[in-house]
Amino acid sequence: NAGVTQTPKFQVLKTGQSMTLQCAQDMNHNSMYWYRQDPGMGLRLIYYSASEGTTDKGEVPNGYNVSRLNKREFSLRLESAAPSQTSVYFCASSEVPGIANEQFFGPGTRLTVL
Amino acid sequence: AQSVTQLGSHVSVSEGALVLLRCNYSSSVPPYLFWYVQYPNQGLQLLLKYTTGATLVKGINGFEAEFKKSETSFHLTKPSAHMSDAAEYFCAVSSSGGYQKVTFGTGTKLQVIP
């Protein structure tokens, strides 16, 4: 049982390049989330998927797109990377989108945009 | 609207001393409150959570937190710090209906001095 896995672990991009961050969970969870973590700002929600087939914007969605490929996988795409998107990106999942439920986090992807 | 304030971005304690990490929340409805821990280069993991019922909540690794409605606080404590407690700690609140919108605090880095 691997929990939540993310690939890649590290990535360096040039401004304007595109890339997709991959996330998968093996806990049969319904809900999945993408966060970014920046120093002094905590975690901010980019997009979430309450259940397979649905996605919604979070707090900071500009410059990102997501795909809920199936129940297990939720990818985050940067179409044209900008230096402001330099951050650590975390994927998380929860059993159901209930407000009392624990979220399980992946190990993160450290992205640098030059 | 909901928000979380963590007082002190960095806290240092001596090994064996009391750990106290402060968290105050704002919520227009009864909140659910969480403490997560992040070890270096890892994702977040749940320490403990308050939903309803007993206001003193015990978590993993000897940590506990008390929900005080009158003070809108949910401070995290541990009687005796261990070197392995060095990490970043995030308080979070969830009080919206529908999907699980969790608002994270900005985090407190705990340093344990031998």
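Just so we're on the same page: letters track the sequence lines, and every chain starts at 1.
Linking Ile, Leu, Val, Met, Phe, Trp and Tyr whenever their side-chain heavy atoms come within less than 4.5 Å leaves B/Phe67 and B/Phe34 in two separate clusters. Linking Ile, Leu, Val, Met, Phe, Trp and Tyr whenever their side-chain heavy atoms come within less than 4.5 Å puts A/Ile46 and A/Met32 in one cluster. Taken together through direct or relayed side-chain contacts under 4.5 Å among Ile, Leu, Val, Met, Phe, Trp and Tyr, A/Tyr33 and A/Leu76 form parts of separate hydrophobic clusters. Under the 4.5 Å side-chain heavy-atom criterion for ILVMFWY residues, no single connected hydrophobic cluster contains both A/Trp34 and A/Val88. The hydrophobic clustering, which links ILVMFWY residues whose side-chain heavy atoms are closer than 4.5 Å, places B/Val4 and B/Phe74 together.
Of the two parts of A/Gln6, neither the backbone nor the side chain holds a non-hydrogen atom closer than 4.5 Å to a non-hydrogen atom of chain B. Neither the backbone nor the side chain of A/Arg44 has a heavy atom closer than 4.5 Å to any heavy atom of chain B. Heavy atoms closer than 4.5 Å to chain B are found nowhere in A/Phe104, neither backbone nor side chain. Residue contact with chain A, scored on non-hydrogen atoms closer than 4.5 Å, is absent for B/Ser9.
Across every non-hydrogen atom of B/Asn41 and A/Arg110, the tightest pair is CA-NH2, 3.2 Å. Here the closest heavy-atom approach between residue A/Gln37 and residue B/Glu88 is recorded as NE2-OE1, 4.3 Å. Of all heavy-atom pairs spanning A/Phe90 and B/Gln38, the tightest one is CZ-NE2, 3.1 Å.
Residue pairs meeting the salt bridge (Lys or Arg N to Asp or Glu O under 4.0 Å) criterion with at least one member in residues 25-37 of chain A, sequence neighbours excluded: A/Arg36-A/Asp38.
Inter-residue side-chain proximity for B/Val102 and A/Tyr48 is flagged as unmet; no heavy-atom pair is nearer than 4.5 Å.
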Legend entry - Derivation of the side-chain contact (heavy atoms from CB on, under 4.5 Å) call for A/Leu43 and B/Leu44: CA-CA 10 Å; A/Leu43 275 77; B/Leu44 281 69; 4.1 Å; yes
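Atom NZ of A/Lys71 sits in a crowded spot, with more than 12 heavy atoms from other residues, nucleotides or ligands closer than 6.0 Å.
No other option in A/Gly42, A/Gly40, A/Pro39 has as many heavy-atom pairs under 4.5 Å with chain B as A/Gly42.
Rounded to the nearest 0.5 angstrom, B/Phe104 CZ and A/Gln103 CD are separated by 5.5 Å.
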